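What's counted below: heavy atoms across the whole structure, side chains too, no hydrogens, waters or symmetry copies. Treat the numbers as computed from the prediction; the structure is a model and nothing was measured.
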Amino acid sequence: LFTSSSGVSIDTRKISKDEIFFSLKGDSFDGNKFAQEAINKGAKFSVVDDEKLKDINEKIIYVKDALKALQELSNYHRSLFDTKVIGITGSNGKTTTKNLIYSILSQSYTVIKTEGNLNNHIGVPISLLDINKDVEIAVIEMGANHVGEIKTLCEIAMPDFGLITNYGLAHLEGFGGFEGVVKGKTEMFNYLIQNYGHIILNNDDDLQ
């Protein structure tokens, strides 16, 4: 279904014709409530996880977890191409580093990058879905505020290369202290080691 669409959307205010709308939920919103509105605005399908919407019409696709469906779709989509993925994480400088790498590589290759700060469990899948047969390299920024999140993002994005900018004092509460920050960010290197990827090491950071 994705290949017949024009992309994905999680916001009916910005939806374009023939996109697939994913009805994500948060602490203060429920995308399921906007599934029909998305179709009325031109969405090809709406993916929902509210059983009350099951079988309403052929453009409503029910799944157990809309976020999980988005993540699994992006992981499968990424696996269809030979595109090399560069993962970037760290406490500071992720976006600047991403933009610098993109600027340099795009002089010789067809490259895409994470737009804005779409670097979490929702943004990374959306970024991966921009990959197509012409994209040679995808520069994917990965943010985290707790242990285990980078591991999950790596399992979705399957990076071939990875860079940790630094280990800092950001999100200490979520990580449970500085040691947690180091453990959480290092999940990228652990993934690359286990999957025969390539580590880009910051020799200016004594912790690396």
Handout entry: More than 12 heavy atoms from other groups under 6.0 Å of CG on Asp82
Key = no

Handout entry: Side chain to side chain, Glu19 and Ser6, heavy atoms closer than 4.5 Å
Key = yes

Handout entry: pair Ile88-Val139: side-chain heavy atoms closer than 4.5 Å
Key = yes

Exercise for the section: Side-chain contact test, heavy atoms from C-beta onward, threshold under 4.5 Å: evaluate it for Phe2 versus Val8 and give yes or no. Expected result: yes

Exercise for the section: Applying side-chain contact (heavy atoms from CB on, under 4.5 Å) between Ile101 and each of Leu105, Ile104, Asn99, report the one that passes. Expected result: Leu105

Handout entry: pair Phe34-Phe21: side-chain heavy atoms closer than 4.5 Å
Key = yes

Exercise for the section: Report yes if some heavy atom in the side chain of Phe22 is under 4.5 Å from a heavy atom in the side chain of Leu73; otherwise report no. Expected result: yes

Problem - Test item: Asn57 side-chain N/O and Lys59 main-chain N/O as donor-acceptor pair under 3.5 Å - result: yes

Fill in the blank from the handout: Rounded to the nearest 0.5 angstrom, the OH-CD distance for Tyr102 and Gln107 is 11.0 Å

Practice task
State plainly whether one hydrophobic cluster holds both Ile60 and Ile10, where clusters connect Ile, Leu, Val, Met, Phe, Trp and Tyr through side-chain heavy atoms under 4.5 angstrom apart.
Solution key: no

Practice task
State plainly whether one hydrophobic cluster holds both Ile56 and Phe45, where clusters connect Ile, Leu, Val, Met, Phe, Trp and Tyr through side-chain heavy atoms under 4.5 angstrom apart.
Solution key: no

Handout entry: Close side-chain approach of Lys151 to Tyr191, heavy-atom, < 4.5 Å
Key = no

Problem - Minimum heavy-atom distance Cys154-Pro159, with the two atoms named - result: O-CD, 3.4 Å

Handout entry: Residue Lys41 excluded, over 12 heavy atoms near NZ under 6.0 Å
Key = yes

Problem - Atom pair CG (Leu24) and OG (Ser9), whose distance is rounded to the nearest 0.5 Å - result: 9.5 Å

Fill in the blank from the handout: Taken to the nearest 0.5 Å, the spacing of Leu153 CG from Thr89 OG1 works out to 8.0 Å

Completion exercise
When every non-hydrogen atom of Ser91 is compared with those of Thr165, the smallest separation belongs to N-OG1, 4.0 Å

Handout entry: Inter-residue atom distance Leu118.CG - Leu128.CG, 0.5 Å rounding
Key = 11.0 Å

Exercise for the section: Locate the shortest heavy-atom distance separating Ala38 from Thr12; write the atom from each residue and the value. Expected result: CB-CG2, 3.8 Å

Practice task
Evaluate the side-chain proximity of His121 to Ile156: yes if any heavy-atom separation is below 4.5 Å, no if none is.
Solution key: no

Completion exercise
In Thr114, Thr95, Asn120, the residue satisfying side chain to side chain donor-acceptor pair (under 3.5 Å) with Glu141 is Thr95

Exercise for the section: Over all heavy atoms of both residues, which pair between Ser103 and Ser106 is shortest? Give the atoms and the distance, please. Expected result: O-OG, 3.1 Å

Practice task
Establish, from distance only, whether the side-chain atoms of Gln71 and Asn75 form a donor-acceptor pair under 3.5 Å.
Solution key: no

Handout entry: Lys/Arg-Asp/Glu bridge criterion (N-O < 4.0 Å) met for Lys68, Asp49
Key = no

Completion exercise
To the nearest 0.5 Å, atom CD1 of Ile140 lies from atom CE of Met158 at 12.0 Å

Problem - Side-chain touch Glu115/Lys113, heavy atoms, less than 4.5 angstrom - result: yes

Exercise for the section: State the CD1-NZ distance between Ile137 and Lys84, to the nearest 0.5 angstrom. Expected result: 10.0 Å

Exercise for the section: Search all heavy atoms of Ile200 against all heavy atoms of Phe161 and return the closest pair with its distance. Expected result: CD1-CB, 4.3 Å

Problem - Hphob cluster co-occupancy, Leu67 + Tyr62, side-chain heavy atoms under 4.5 angstrom - result: no

Problem - Nearest heavy atoms of Ser74 and Leu129, plus distance in Å - result: CA-CD2, 3.7 Å

Problem - Asn32 side chain vs Val48 backbone, donor-acceptor pair below 3.5 Å - result: no

Problem - ILVMFWY network linking Ile131 to Val124, side-chain heavy atoms under 4.5 angstrom - result: yes

Exercise for the section: Measure from the side-chain N and O atoms of Asp160 to the backbone N and O of Val85, and report whether any donor-acceptor pair falls under 3.5 Å. Expected result: yes

Handout entry: Side-chain donor/acceptor of Ser46 to backbone N/O of Gln36, under 3.5 Å
Key = no

Handout entry: Path from Ile193 to Met142 over hydrophobic side-chain contacts below 4.5 Å
Key = yes

Exercise for the section: Go through Leu80 and Lys133 one step at a time and tell me if the side chain to side chain contact (heavy atoms under 4.5 Å, CB included) criterion holds. Expected result: CA-CA 9 Å; Leu80 297 178; Lys133 63 181 177 59; over 6 Å; no

Problem - From Val135, Ile112, Thr110, Val111, residue fulfilling side-chain contact (heavy atoms from CB on, under 4.5 Å) relative to Thr83 - result: Val135

